Protein chains: 2
Amino acid sequence: MKTSDRILIAATVAFGENGYDGTSLDSLALELGIRKQSILYHYPTKEALLDATVADAIEVLALALSDAVTKSEDGWDRIEKMVRRVFRLAIQRPELLGLLREVSRLGPPTLTKAVKDFDPLIKGATKWLKSEMANGKIVESDPYLLVLSMYSVIMGAATEGNLLEAIGVQQTPRDVVLRRKELLRFLKSALVPVPK
Amino acid sequence: MKTSDRILIAATVAFGENGYDGTSLDSLALELGIRKQSILYHYPTKEALLDATVADAIEVLALALSDAVTKSEDGWDRIEKMVRRVFRLAIQRPELLGLLREVSRLGPPTLTKAVKDFDPLIKGATKWLKSEMANGKIVESDPYLLVLSMYSVIMGAATEGNLLEAIGVQQTPRDVVLRRKELLRFLKSALVPVPK
DNA sequence: AGCATTGCCTACCAAGTGGTAGAAAGTAGA
DNA sequence: TCTACTTTCTACCACTTGGTAGGCAATGCT
């Protein structure tokens with residue numbers, strides 16, 4: 001694999017797990033078996049490296065979501081498939097969601113850029129939700145708030161691995177499936193209208 | 001106010017907003033108008049300071065929650081009052097929840113200690129939920145997972161201020177009330193059994 | 001062969017990190 | 001007033017931080 005890609009991946013993991021400030025270029029280089037200066041050759045500053053990881057993470061997430069969209073029917077099915085897709089991502093590459101959370105804590109300017117990249121997705125989601133509400137397939141409510149609620153629920157469920165471990169909750173694949181199931185029930189009862 | 005308390009508060013804010021690694025004792029001291037060595041007099045190490053802030057944050061949160069418990073009826077009312085109470089805390093002292101989230105990212109040993117302090121609360125909550133489920137006042141489900149889901153929902157809704165701001169969502173008190181309302185609807189539809 | 005480019009390196013550096021040693025200044029009781 | 005104690009300070013230290021300057025080997029083009 002290209003060195004620049006190896007750096008990108010290792011940085012994503014490190015930033016996502018230990019935070020931006022908690023990650024030094026030296027430790028990153030040590031882990032990769034190279035010198036810090038090689039990192040600075042591919043990414044001129046630490047912040048540039050951060051930006052690259054964030055852009056990549058957003059791209060991967062956006063791809064996963066749009067994949068779920070194309071392979072799903074309208075209504076609840078689409079939401080379920082999107083949640084499943086995000087959970088799969090959270091299992092395969094937990095660092096991606098961890099990084100995005102870290103970005104939201106870092107604030108501007110990184111967050112500003114990230115949000116700009118992400119905005120079309122949010123806009124698309126709210127527009128779709130609106131039309132679904134008009135069709136009566138989703139409970140009537142503020143679509144913007146709904147997207148944000150869903151974001152925090154999924155993000156929380158997907159990234160609190162550390163916390164769960166400390167509490168002593170098992171983290172086997174089966175348990176993750178259970179949590180996802182519980183979350184889906186949660187969302188479904190809140191979003192799908194009760195049949196009259 | 002006592003210097004040690006001023007330090008504690010400033011540290012809670014700083015750790016919660018900029019993270020543990022993103023906060024230096026020097027910057028903290030500068031903000032307080034004292035020297036770094038004065039901080040180290042009251043709290044022998046940076047980690048000791050962190051532990052103190054976490055212990056304090058947990059105490060405040062636990063107090064708020066137990067207050068909500070004593071002033072509420074069983075069933076949905078209790079959950080609603082607890083959510084309202086936590087939201088009030090998130091508005092008055094957002095740094096407290098920010099700090100707790102930071103702790104869950106830092107992992108051991110800080111997280112281990114924090115969880116130990118928090119465990120009785122979780123145990124109490126799950127026990128109560130179980131009895132409520134038995135009574136049919138709350139929808140039957142895994143109480144442990146339920147507590148965790150609620151935790152991440154509330155935490156997310158209460159601490160994503162940065163993100164909302166970047167997206168351009170208004171943050172007036174009225175908007176916060178709206179978000180809380182939406183969250184409560186969310187929880188209610190998921191937790192309260194449909195009357196037959 | 002000559003030459004430019006790429007990629008990684010060694011050698012440094014100024015600034016900032018958490019922390020120690022110990023002096024100075026206030027404070028209260030005898 | 002003397003003394004003991006608490007609190008804050010100056011001075012300093014070893015170490016780590018992100019970043020610069022420039023060398024050196026490999027690669028490919030003419």
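Because the structure is a prediction, the values reported are computed rather than measured. Note on naming: letters A, B, ... go to the chains in the order of the sequence lines (proteins, then strands), and numbering restarts at 1 for each one.
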Rounded distance in Å - OH (B:Tyr41) to P (D:dC5): 12 Å
Contact residues, residues 13-34 of chain A to DNA chain C [heavy atom, < 4.0 Å]: A:Ile34
A:Glu102 side chain to A:Tyr20 backbone, donor-acceptor under 3.5 Å: yes
Side-chain N,O (B:Thr3) to OP1/OP2 (D:dT8) below 4.0 Å: yes
Just the atom pairs and distances: protein N or O near nucleotides 20-26 of chain D's N or O, under 3.5 Å.
unit_1, atom_1, unit_2, atom_2, d
D:dT20, O4, A:Gln37, NE2, 3.1

Residue closer to the 5' end of DNA chain D, B:Ser38 versus A:Glu47 (nearest nucleotide): B:Ser38
Shared hydrophobic cluster, A:Leu89 / A:Val13 (ILVMFWY, side-chain heavy atoms < 4.5 Å): no
Closest listed nucleotide, where the reference is the side chain of B:Lys46 and the choices are D:dG18, C:dG18, D:dT7: C:dG18
Nearest non-hydrogen partners of A:Gly75 and A:Lys137, listed with the distance: CA-CD, 4.1 Å
A:His42 NE2 to C:dG7 P, straight-line distance once rounded to whole Å: 6 Å
Donor-acceptor contact present, side-chain A:Arg6 to main-chain A:Leu32, <3.5 Å: yes
Interatomic distance, B:Tyr43 OH vs D:dT8 P [rounded to whole Å]: 11 Å
Salt-bridge contact B:Asp117-B:Lys113 (side-chain N to carboxylate O under 4.0 Å): no
Nearest-angstrom distance from the residue atom CZ of B:Arg35 to P of C:dA25: 15 Å
Non-hydrogen atoms of B:Thr23 and B:Lys46 that approach each other most closely: O-NZ, 2.7 Å
Euclidean distance, atom CG of residue A:Asp51 to atom C1' of D:dG18 [Å, nearest integer]: 16 Å
Residues A:Glu80, A:Lys188: salt bridge by 4.0 Å N-O rule: no
Whether A:Arg105 side chain and B:Asn18 backbone form a donor-acceptor pair below 3.5 Å: yes
